[in-house]
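Notes for the one structure printed next.
Heavy-atom basis, side chains included; hydrogens, waters and symmetry copies ignored.
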Amino acid sequence: MKKRYAAGMLAAIAFAVTSAAGAASDAASAPADLVLIHGKIHTEDAGRSVAQALAVRGNSIVAVGTDREVSALVGPATRKVDLGGRVVLPGIIDAHVHPAESAQDFGKCSLEDKALKPSEIKARVAACLRKQPGERGEWFEAIMVNPSGLTLSLADLDSISPDRPLMLTGADGHTVWVNSAALKLAKITAATKNPSGGHIEHDPAGAPTGTLRDTAAEIAAAAKPKASLEHEVMLLDKALNAMRAIGITSVQDASVDDHAMQIYKRLYDTHRLNMRVRGSFHLQDLHESAASLIDTAVRFRAKWAVDPDFLRVDAIKLFADGVIEYPSQTAALLEPYLDAEGRPTRNRGPSYFMQDNLNRIVTAADAAGLTVHIHAIGDRAVRSSLDAFADARKHNGALDNRGQIAHLELIDPADFPRFKELGVIANFQLLWAQLDDYSEGATMQYIGPARSRYLYPARSLRDAGAKIAGGSDWGVSSFDAFIAMEHAMTRSEQRGRPPLLPEQSLTLQDMVDAYTINAAFALKQERTTGSIEAGKRGDFIVLDRDIFSMDPFDLHETKVTATYLDGRVVYAAK
């Protein structure tokens with residue numbers, strides 16, 4: 001009886017296996033919905049192979065290979081695209097960007113990040129005011145003000161707009177200037193204390209000068225009238241359309257709160273969120289207890305677990321410091337800033353946290369399964385962040401939470417190998433790796449030649465084994481990844497301009513990795529995106545030129561002719 005039962009079971013198992021294999025074979029050979037042939041498909045798979053063709057069924061890639069292999073999946077209803085030799089890449093993934101916030105700047109007066117004197121700023125804003133007249137009490141905003149070496153007094157600000165509340169926002173994303181009318185509405189006085197992670201500048205008599213650094217800017221922002229949610233949704237939709245037009249299919253919003261998530265959710269609910277969004281919840285007061293902060297973050301994650309493929313918040317964002325450029329100098333340095341004559345000052349930048357509490361916050365977040373995403377510009381902030389990750393490793397072991405440090409403008413060489421040792425991702429914004437007003441005029445002379453050798457040290461980190469992810473930090477700078485690739489390779493603003501530390505340049509393959517498979521890893525979605533392989537989602541882009549065989553100085557001219565998300569065309573060039 002037992003033998004007969006066993007034989008029967010074996011026959012049933014053999015039939016099931018044969019049936020499953022047949023079903024799998026039928027599925028593999030079933031016609032595809034979409035086939036692209038005659039291309040140069042840079043797959044970003046483990047071997048970085050280049051294929052001729054790919055096929056999509058539903059939302060997934062089902063085949064990648066030669067024209068002949070993939071053409072076998074063409075059926076009567078298959079849409080067939082002849083690439084004509086064009087290059088295909090996986091969809092661009094921006095690992096550090098601010099779409100929900102930065103979209104709200106569309107239509108505002110922009111000073112285009114040009115180095116301007118106070119008198120020139122006054123003239124530019126006056127021109128905008130003539131084009132956008134408003135009521136006496138209506139706020140007026142100008143954005144992309146170049147803060148390098150710029151000092152604006154309250155008298156300067158009041159002369160620009162004597163009656164209307166005025167807010168000027170620095171292109172660094174960390175400096176805001178407001179006039180007396182705005183200070184009054186924001187209730188900022190000599191008695192107003194600095195918020196955690198921010199600084200209100202005062203004159204010798206103790207009165208506010210109108211210059212607000214880092215989180216202090218949020219006091220003024222909170223005093224402005226709020227736009228309608230539908231208006232904010234419209235602007236975000238416009239921004240995401242523009243991002244898809246240059247090939248972005250996934251983003252990591254580097255700082256979200258409830259309001260930002262409401263904007264995204266409205267787009268999602270109305271079937272307009274054609275972008276994969278992973279949010280980083282901004283933890284603002286790093287002096288609060290770690291238990292309280294992470295409890296809030298865990299509840300936020302549960303509240304906004306909308307769709308694991310398209311809208312989630314399973315990361316937290318911390319600010320370890322501000323910005324390094326003069327006159328802000330809120331980046332945290334190991335050694336003091338220098339004055340204009342090269343003499344050490346007493347300023348090493350502010351401390352926005354106690355190290356032991358930062359350790360507890362990072363350790364608790366790691367234990368809760370959250371990715372920790374830290375803004376760190378100065379070498380002291382980078383070291384403090386790495387120390388916190390090391391403490392988390394000590395207490396939790398090596399959990400797979402993809403901790404990352406963003407910006408990384410200045411790093412002490414002793415910390416290069418720690419990124420690989422601790423599994424910390426280097427989240428670079430390498431469009432900034434150029435010799436310009438920020439690096440040359442407002443940074444290098446204030447930190448000296450020895451430290452200036454390690455500005456945006458991308459090659460050093462790569463050679464030390466760090467995983468590099470690419471991000472834009474838009475709206476601080478362009479979200480065009482091909483401009484960032486150009487600057488990372490040339491370390492120069494444009495052809496004919498001197499480079500910034502050319503020995504720190506990366507290769508094009510490094511940068512394509514940074515914006516595809518490495519960024520997918522940073523977002524915890526490398527199993528579904530980041531490369532063009534069978535079984536992954538159909539996120540890929542078609543380029544108008546072969547970026548792998550052109551002068552790096554021309555990369556900024558690259559255009560995307562089509563962007564696919566889940567196998568659907570979400571952008572097509574006219």
Side-chain angles (χ1 to χ4, degrees), residues 36 39-45 48 54 61 86-99 102 239-254 273-278 309-310 404 406 425 427-431 467-475 477-489 506-526 528-533 536-548 552 555-573:
L36 289 80
K40 294 178 181 177
I41 299 169
H42 291 257
T43 66
E44 285 294 299
D45 63 9
R48 301 301 187 264
L54 69 89
I61 298 166
R86 288 193 292 273
V87 165
V88 175
L89 296 178
I92 297 294
I93 301 173
D94 193 323
H96 186 104
V97 64
H98 301 273
S102 299
L240 296 183
N241 284 337
M243 297 177 86
R244 287 189 290 272
I246 57 94
I248 298 175
T249 53
S250 294
V251 296
Q252 179 165 243
D253 191 316
L273 187 63
N274 289 317
M275 183 73 67
R276 303 188 196 279
V277 180
R278 194 261 190 115
D309 284 330
F310 280 97
Q404 48 205 269
I425 297 165
N427 192 324
F428 269 116
Q429 288 63 57
L430 290 173
L431 186 147
K467 186 181 291 291
I468 293 174
S472 67
D473 205 23
W474 181 75
S477 59
S478 169
F479 50 62
D480 190 328
F482 298 102
I483 301 176
M485 292 180 190
E486 176 178 320
H487 290 191
M489 295 176 70
L506 294 177
T507 68
L508 179 59
Q509 187 62 61
D510 291 331
M511 290 307 296
V512 172
D513 290 352
Y515 275 99
T516 58
I517 192 62
N518 289 0
F521 183 85
L523 271 64
K524 283 190 172 182
Q525 60 182 56
E526 78 284 358
T528 56
T529 69
S531 62
I532 299 173
E533 300 181 77
K536 288 196 172 185
R537 297 300 179 86
D539 295 7
F540 50 87
I541 60 177
V542 183
L543 306 184
D544 70 340
R545 67 199 66 203
D546 186 352
I547 61 173
F548 293 90
L555 276 167
H556 68 277
E557 297 178 354
T558 303
K559 298 291 185 290
V560 172
T561 63
T563 300
Y564 292 79
L565 179 75
D566 267 353
R568 298 177 291 111
V569 176
V570 291
Y571 168 75

Can you tell me how far CG of L430 sits from CE of M511, rounded to the nearest 0.5 angstrom?
-> 5.0 Å
Identify, with sequence neighbours excluded, every residue that meets ring-ring contact (aromatic ring centres under 6.0 Å, His included) alongside H487.
-> none
How would you list, by chain and number, every residue that makes a side-chain hydrogen bond (donor to acceptor under 3.5 Å, both in side chains) with T561, sequence neighbours excluded?
-> none
Residue pair I483 / L431: nearest heavy atoms and the distance that separates them | CG2-CD1, 3.6 Å
pair I532-D45: side-chain heavy atoms closer than 4.5 Å | no
Gap separating the CD atom of Q429 from the OG atom of S478, nearest 0.5 angstrom | 12.5 Å
Are F482 and I246 close enough, and set up right, to give a side-chain contact (heavy atoms from CB on, under 4.5 Å), and what steps lead you there?
-> CA-CA 9 Å; F482 298 102; I246 57 94; 5.6 Å; no
Heavy-atom nearest pair, I517 first then R48, reads CG2-NH2, 3.7 Å
Might you point out which heavy atoms bring Q404 and N427 nearest each other, and give the distance in Å?
-> OE1-ND2, 3.1 Å
Would a distance-only check, ignoring hydrogens and angles, find a side-chain to backbone donor-acceptor pair under 3.5 Å from R278 to K524?
-> no
Partner of D539 by side-chain contact (heavy atoms from CB on, under 4.5 Å), out of T529, T528, T516 = T529
Reported CZ-to-CD distance for the pair R276 and Q252, which is rounded to 0.5 angstrom | 15.0 Å
Chi angles and distances behind the side-chain contact (heavy atoms from CB on, under 4.5 Å) call for T563, I248 | CA-CA 8 Å; T563 300; I248 298 175; over 6 Å; no
Rounded to the nearest 0.5 Å, how far does CZ of F310 lie from CG of N274?
-> 7.0 Å
With sequence neighbours excluded, tell me which residues meet side-chain hydrogen bond (donor to acceptor under 3.5 Å, both in side chains) with E526.
-> R402
So, for P99 and V251, which heavy atoms are closest and what is the spacing to 0.1 Å?
-> CG-CG2, 4.3 Å
Residues at least two apart in sequence or cross-chain that pass salt bridge (charged side-chain N to carboxylate O under 4.0 Å, His left out) with D309, listed by chain then number, are R537
In terms of heavy-atom contacts, I541 and G91 come closest through CG2-CA, 4.1 Å
Would you tell me whether S250 and Q525 have side-chain atoms, one donor and one acceptor, within less than 3.5 Å of each other?
-> yes
Can you name the residues that form a side-chain hydrogen bond (donor to acceptor under 3.5 Å, both in side chains) with K40, not counting sequence neighbours?
-> D546
With F540, which residues qualify under ring-ring contact (aromatic ring centres under 6.0 Å, His included), at least two apart?
-> Y564
L506 side, atom CG; M489 side, atom CE - distance, nearest 0.5 Å = 9.0 Å
Hey, mind stepping through K559 and L543 against side-chain contact (heavy atoms from CB on, under 4.5 Å) and telling me if it holds?
-> CA-CA 6 Å; K559 298 291 185 290; L543 306 184; over 6 Å; no
Criterion side-chain contact (heavy atoms from CB on, under 4.5 Å) on R86 and V88, from CA distance to verdict = CA-CA 7 Å; R86 288 193 292 273; V88 175; 5.9 Å; no
Okay, side chain of E486, backbone of H556: is any donor-acceptor separation there less than 3.5 Å?
-> yes
Is a side-chain N or O of S102 found less than 3.5 angstrom from the main chain of G475, in a donor-acceptor match?
-> yes
Which heavy-atom pair separates L89 from V512 by the least distance, and what is that distance?
-> CD2-CG1, 4.2 Å
Y515 (side chain) donor-acceptor with G471 (main chain) under 3.5 angstrom = yes
Would you check if the side chain of N518 reaches a backbone N or O of K467 as a donor-acceptor pair within less than 3.5 Å?
-> no
Separation of D513 CG from E44 CD (nearest 0.5 Å) = 4.5 Å
